[in-house]
Amino acid sequence: GSVFHALVLDESDDLSRADFLVDAKNNYFIAKSYVNSMLNPNPEKFFWRNLSAQLSEQKEDYHEAIKEYTKALETATAKDKNDVLYNRANCYTESGLYKQALADYDEALSSDSTLAYFWGFRGLTEQQMGNFNGAVIDFTKAISFEPLESWFYYRRGWILDEFLKNHQAGLHDYNQS
């Protein structure tokens, strides 16, 4: 169970962290207590702060996850920063804080504009805001970087067909997906 994974959790081992998060679904309070015990003497330690945020997000406590991701950004390396921005943007979106989500996607994309999934999830956020033209633009950018990803075509096709009433273009994208 998660107590075993918690005891062997290695900061450099992505697999043990993934196993820990899976086990934490059934043992949230044990997992959170363990992470807090590691975080308390090391509040600036990115690994534990980020893991705490992931636990809160997994529990759908988006307000807490946003706070934790914001703290994690303070000590994130350049390598980790975009992952944290992505996760925090997802929490903002789940909380209906779409403008904040867009700001996180934009910040990540300003450092690397080729992040196709950031464009895709940015497009999804635009769609949820009712900005369908903006969503189509974002999905088009995502496709330009990952032309084989069917999800991008499907989402863009759905928006074109359902919301922008461009049935022919929507059908074309559906066929691509």
Side-chain angles (χ1 to χ4, degrees), residues 1-129 134-135 138 141-142 145-146 149 151-152 155:
S2 62
V3 173
F4 174 74
H5 284 293
L7 294 175
V8 297
L9 187 58
D10 177 0
E11 293 179 37
S12 63
D13 182 0
D14 289 339
L15 185 57
S16 73
R17 184 178 64 225
D19 286 344
F20 179 79
L21 287 168
V22 167
D23 284 347
K25 288 180 182 180
N26 296 322
N27 300 292
Y28 172 77
F29 292 106
I30 292 171
K32 192 72 168 181
S33 295
Y34 175 74
V35 170
N36 285 340
S37 75
M38 299 304 288
L39 191 54
N40 286 337
N42 303 297
E44 74 292 340
K45 187 78 172 177
F46 171 78
F47 175 84
W48 297 108
R49 179 69 64 197
N50 191 52
L51 189 57
S52 180
Q54 290 173 319
L55 287 171
S56 295
E57 181 179 3
Q58 185 171 281
K59 188 72 172 166
E60 297 181 9
D61 184 351
Y62 300 116
H63 178 73
E64 183 63 25
I66 289 166
K67 287 187 342 190
E68 293 288 337
Y69 283 131
T70 300
K71 289 178 188 173
L73 280 169
E74 296 171 8
T75 57
T77 64
K79 175 181 155 294
D80 294 321
K81 186 176 181 183
N82 284 344
D83 288 337
V84 176
L85 287 168
Y86 173 81
N87 289 335
R88 188 174 71 174
N90 287 337
C91 291
Y92 279 137
T93 299
E94 289 294 331
S95 300
L97 300 169
Y98 302 123
K99 289 183 183 192
Q100 291 91 327
L102 291 177
D104 278 1
Y105 290 129
D106 290 344
E107 185 176 344
L109 289 164
S110 72
S111 70
D112 183 355
S113 65
T114 67
L115 298 167
Y117 280 91
F118 282 68
W119 285 114
F121 282 100
R122 189 182 190 290
L124 193 60
T125 302
E126 289 278 14
Q127 177 215 321
Q128 290 173 321
M129 293 175 67
D138 288 346
K141 287 180 182 176
F145 296 113
E146 290 284 341
E149 178 52 63
W151 180 73
F152 299 147
R155 292 305 296 202

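Hydrogens, waters and symmetry mates are skipped; everything else that's a heavy atom, side chains included, is used.
- Ring centers of F121 and Y86: under 6.0 Å apart, within the cut-off.
- Shown are W48, F29, Y28; of these, the ring pair (Phe, Tyr, Trp, His ring centres under 6.0 Å) with Y34 is made only by W48.
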Side chain to side chain contact (heavy atoms under 4.5 Å, CB included) for E60 and E94? Distances and angles first, verdict last. CA-CA 9 Å; E60 297 181 9; E94 289 294 331; over 6 Å; no

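- The shortest non-hydrogen separation linking I66 to R88 is O-CD, 4.0 Å.
- Going from atom CE of M129 over to atom CG of L124 covers 12.5 Å, rounded to the nearest 0.5 Å.
- Listed for the S95 side chain is no donor-acceptor partner under 3.5 Å among the backbone atoms of Y62.
- Rounding to the nearest 0.5 Å places CG of N40 at 6.0 Å from CG of N36.
- The aromatic rings of Y117 and F152 are tilted relative to each other, their planes meeting at an angle between 30° and 60°.
- Judged by distance alone, the side chain of Q58 and the main-chain N or O of L21 form a donor-acceptor pair under 3.5 Å.
- Remark: L102 CG to E126 CD distance equals 5.0 Å, nearest 0.5 Å.
- Checked by atom type and distance alone, the side chain of W119 pairs as donor or acceptor with a backbone atom of S113 at under 3.5 Å.
- A side-chain hydrogen bond (donor to acceptor under 3.5 Å, both in side chains) with Y105 holds for exactly one of N90, D138, N82; it is N90.
- Between Y69 and Y92, a ring centre-to-centre spacing not shorter than 6.0 Å is recorded.
- Here the closest heavy-atom approach between residue A89 and residue A101 is recorded as O-CB, 3.5 Å.
- A donor-acceptor pair is defined here as one N or O able to donate and one able to accept, closer than 3.5 Å; no such pair exists between the side chain of N50 and the backbone of F46.
- The closest donor-acceptor contact from the side chain of K32 to the backbone of S52 lies under 3.5 Å.
- We find the CG-CD distance between L73 and E68 to be 11.5 Å, quoted to the nearest 0.5 Å.
- Annotation: the span from E146 atom CD to T114 atom OG1 amounts to 9.0 Å, rounded to 0.5 Å.
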Audit row: T77, D80, side chain to side chain donor-acceptor pair (under 3.5 Å) steps and yes/no: CA-CA 5 Å; T77 64; D80 294 321; 3.1 Å; yes

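- Nearest heavy atom pair, residue A53 against residue A65, reads O-CB, 3.6 Å.
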Decide yes or no on side chain to side chain contact (heavy atoms under 4.5 Å, CB included) for L109 and R122, but give the supporting numbers first. CA-CA 10 Å; L109 289 164; R122 189 182 190 290; 4.1 Å; yes

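- Of all heavy-atom pairs spanning A24 and A31, the tightest one is CB-CB, 3.5 Å.
- Between the CG atom of N42 and the OG atom of S37 there is a distance of 10.0 Å, given to the nearest 0.5 Å.
- Ionic pairing of R49 and E74 is not present here: no N-O contact between side-chain nitrogen and carboxylate oxygen is shorter than 4.0 angstrom.
- Salt bridge annotation for K67-E64: present, with a cationic side-chain nitrogen under 4.0 angstrom from a carboxylate oxygen.
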